[in-house]
Amino acid sequence: AATSVQTKSGTNNLRGSAFYFRQQDEMNARRGYFDPTKLDSSTSIMGGTVGGPIVRNKFFYFGSWERNDERNSRFNQGGSEAGYTVATERMRNGDFSEVLALNPNFRIYDPLTGNPDGTGRSFFPNAIIPANRISEVAKRIQALVPLPNNAGTQGGLQNNLFIARQPKAIRDNYDGKLNWNRNSAHQIWGKFSMMDASVTDLYYLPLEGTGGGDTRVTLWTLGQTWTLSPTLIFDANGGSNRMTHQSAGPDYGTNYGLE
């Protein structure tokens, strides 16, 4: 499949345009009749064009700019509509009796008991791990994870953490074009286009920071159309396209192993 994109050219008359579009949550419908809440969100699209003569009948310019500014909010729910599941305060202290209450067959076996093949193991009574058996390393790791902040399901043991996020994406598009009428039979043109985009929408539990990336795409094009005779036209164009991208997670540059 081939896609052809045409950029306007300037004329002997100075012409321009401007536009602005705004969408935000206050003016949007709710997702459902029984869902009265709407999270903050907005989209702004703005820009303009201008074109005209540099030398009348011979040399013309045209330029345009467009920005798309999108800002949203959501509850980051661990890839589901329910929520993250994190350990309760009692679990962090080795007490899993809350799980045992929901599932009488739940067991936590003592790794220091039993045979190598797994037989003969004994389990911790009432699903409670003694405090002196909990590793200090494990305590430091679990201290990085937030405590539940939501009623959740299964008595608060599942889907018990919601985290508000504010992702955003800003994209700018630029176009510039020059046209030269060398004579009535020969037209030459050049074009430059660029897109700059910055996206912030990379979240990892339990990190509080935000990751994202920046993308730039540049395009150069040159072309000409030469009418050699009433039945012969020589048309040629060439160009180059270059894209650069940089992105990093919220923990970039942090070495947790040294802390």
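It should be emphasised that the depicted structure is a prediction, and the values quoted were computed from it without experimental measurement.
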Supply the atom-to-atom distance [X] [atom1] to [Y] [atom2], rounded to the nearest 0.5 angstrom.
{"X": "Leu102", "Y": "Gln154", "atom1": "CG", "atom2": "CD", "result": "6.0 Å"}
{"X": "Asp196", "Y": "Tyr174", "atom1": "CG", "atom2": "OH", "result": "6.0 Å"}
{"X": "Gln24", "Y": "Thr43", "atom1": "CD", "atom2": "OG1", "result": "10.0 Å"}
{"X": "Met195", "Y": "Arg216", "atom1": "CE", "atom2": "CZ", "result": "10.0 Å"}
{"X": "Tyr84", "Y": "Asn159", "atom1": "OH", "atom2": "CG", "result": "12.0 Å"}
{"X": "Gln158", "Y": "Thr153", "atom1": "CD", "atom2": "OG1", "result": "5.0 Å"}

May I ask you to test the [X]-[Y] pair for a side-chain heavy-atom distance under 4.5 Å?
{"X": "Met91", "Y": "Pro148", "answer": "no"}
{"X": "Phe234", "Y": "Gln224", "answer": "yes"}
{"X": "Glu98", "Y": "Thr88", "answer": "yes"}
{"X": "Phe124", "Y": "Pro130", "answer": "yes"}
{"X": "Ser44", "Y": "Arg67", "answer": "no"}

Query raised in the report: Is Glu136 salt-bridged to Lys139, cutoff N-O under 4.0 Å?
Result: yes
Which atom names give the shortest non-hydrogen contact between [X] and [Y], and what distance separates them?
{"X": "Pro53", "Y": "Leu14", "result": "CD-N, 4.3 Å"}
{"X": "Phe62", "Y": "Gly10", "result": "CB-N, 3.7 Å"}
{"X": "Ala127", "Y": "Ile108", "result": "O-CD1, 4.1 Å"}
{"X": "Gly212", "Y": "Leu202", "result": "N-CB, 4.1 Å"}
{"X": "Thr200", "Y": "Thr210", "result": "CG2-CG2, 2.9 Å"}
{"X": "Arg90", "Y": "Ser97", "result": "NH2-OG, 2.7 Å"}

Between the side chain of [X] and the main-chain N/O of [Y], is any donor-acceptor distance below 3.5 Å?
{"X": "Asp172", "Y": "Trp65", "answer": "no"}
{"X": "Asn160", "Y": "Gly156", "answer": "yes"}
{"X": "Lys58", "Y": "Arg182", "answer": "yes"}

Out of curiosity, does [Y] fall in the hydrophobic cluster containing [X] (side-chain heavy atoms, cut-off under 4.5 Å, transitive links)?
{"X": "Trp226", "Y": "Leu232", "value": "yes"}
{"X": "Ile45", "Y": "Tyr20", "value": "no"}
{"X": "Phe106", "Y": "Phe123", "value": "no"}
{"X": "Phe59", "Y": "Tyr61", "value": "yes"}
{"X": "Leu219", "Y": "Phe192", "value": "no"}

Report task. Determine, stepwise, if the pair Lys191 / Ser193 fulfils side-chain contact (heavy atoms from CB on, under 4.5 Å). Result -> CA-CA 7 Å; Lys191 172 189 171 183; Ser193 297; 3.0 Å; yes
Report task. Please assess Asn68 against Met46 for the test side-chain contact (heavy atoms from CB on, under 4.5 Å), listing each intermediate value before the final yes or no. Result -> CA-CA 7 Å; Asn68 187 308; Met46 65 199 80; over 6 Å; no
Query raised in the report: In this structure, are over 12 heavy atoms from other groups packed under 6.0 Å from Arg92 atom CZ?
Result: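 Enclosed.
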Query - Other residues, nucleotides, ligands: >12 heavy atoms within 6.0 Å of Tyr252 OH - result: no
Does any donor atom in the side chain of [X] or [Y] lie under 3.5 Å from an acceptor atom in the other side chain?
{"X": "Asp175", "Y": "Thr7", "value": "no"}
{"X": "Asn57", "Y": "Asn12", "value": "yes"}
{"X": "Thr119", "Y": "Asp117", "value": "yes"}
{"X": "Arg121", "Y": "Thr113", "value": "no"}

Query raised in the report: Do Asn181 and Phe60 pass the side-chain contact (heavy atoms from CB on, under 4.5 Å) test, and can you show the C-alpha distance, the side-chain angles, and the key distance before you say yes or no?
Result: CA-CA 9 Å; Asn181 293 338; Phe60 309 94; 3.5 Å; yes
Report task. Decide side-chain contact (heavy atoms from CB on, under 4.5 Å) for Val55 and Trp180; before the verdict, give the C-alpha distance in whole Å, the side-chain angles of both, and the deciding distance to 0.1 Å. Result -> CA-CA 9 Å; Val55 178; Trp180 177 35; over 6 Å; no
Query raised in the report: Given the rule in the side chain to side chain donor-acceptor pair (under 3.5 Å) test, do Asp214 and Gln246 qualify, once you have shown the distances and angles that lead to the verdict?
Result: CA-CA 5 Å; Asp214 297 313; Gln246 294 180 332; over 6 Å; no
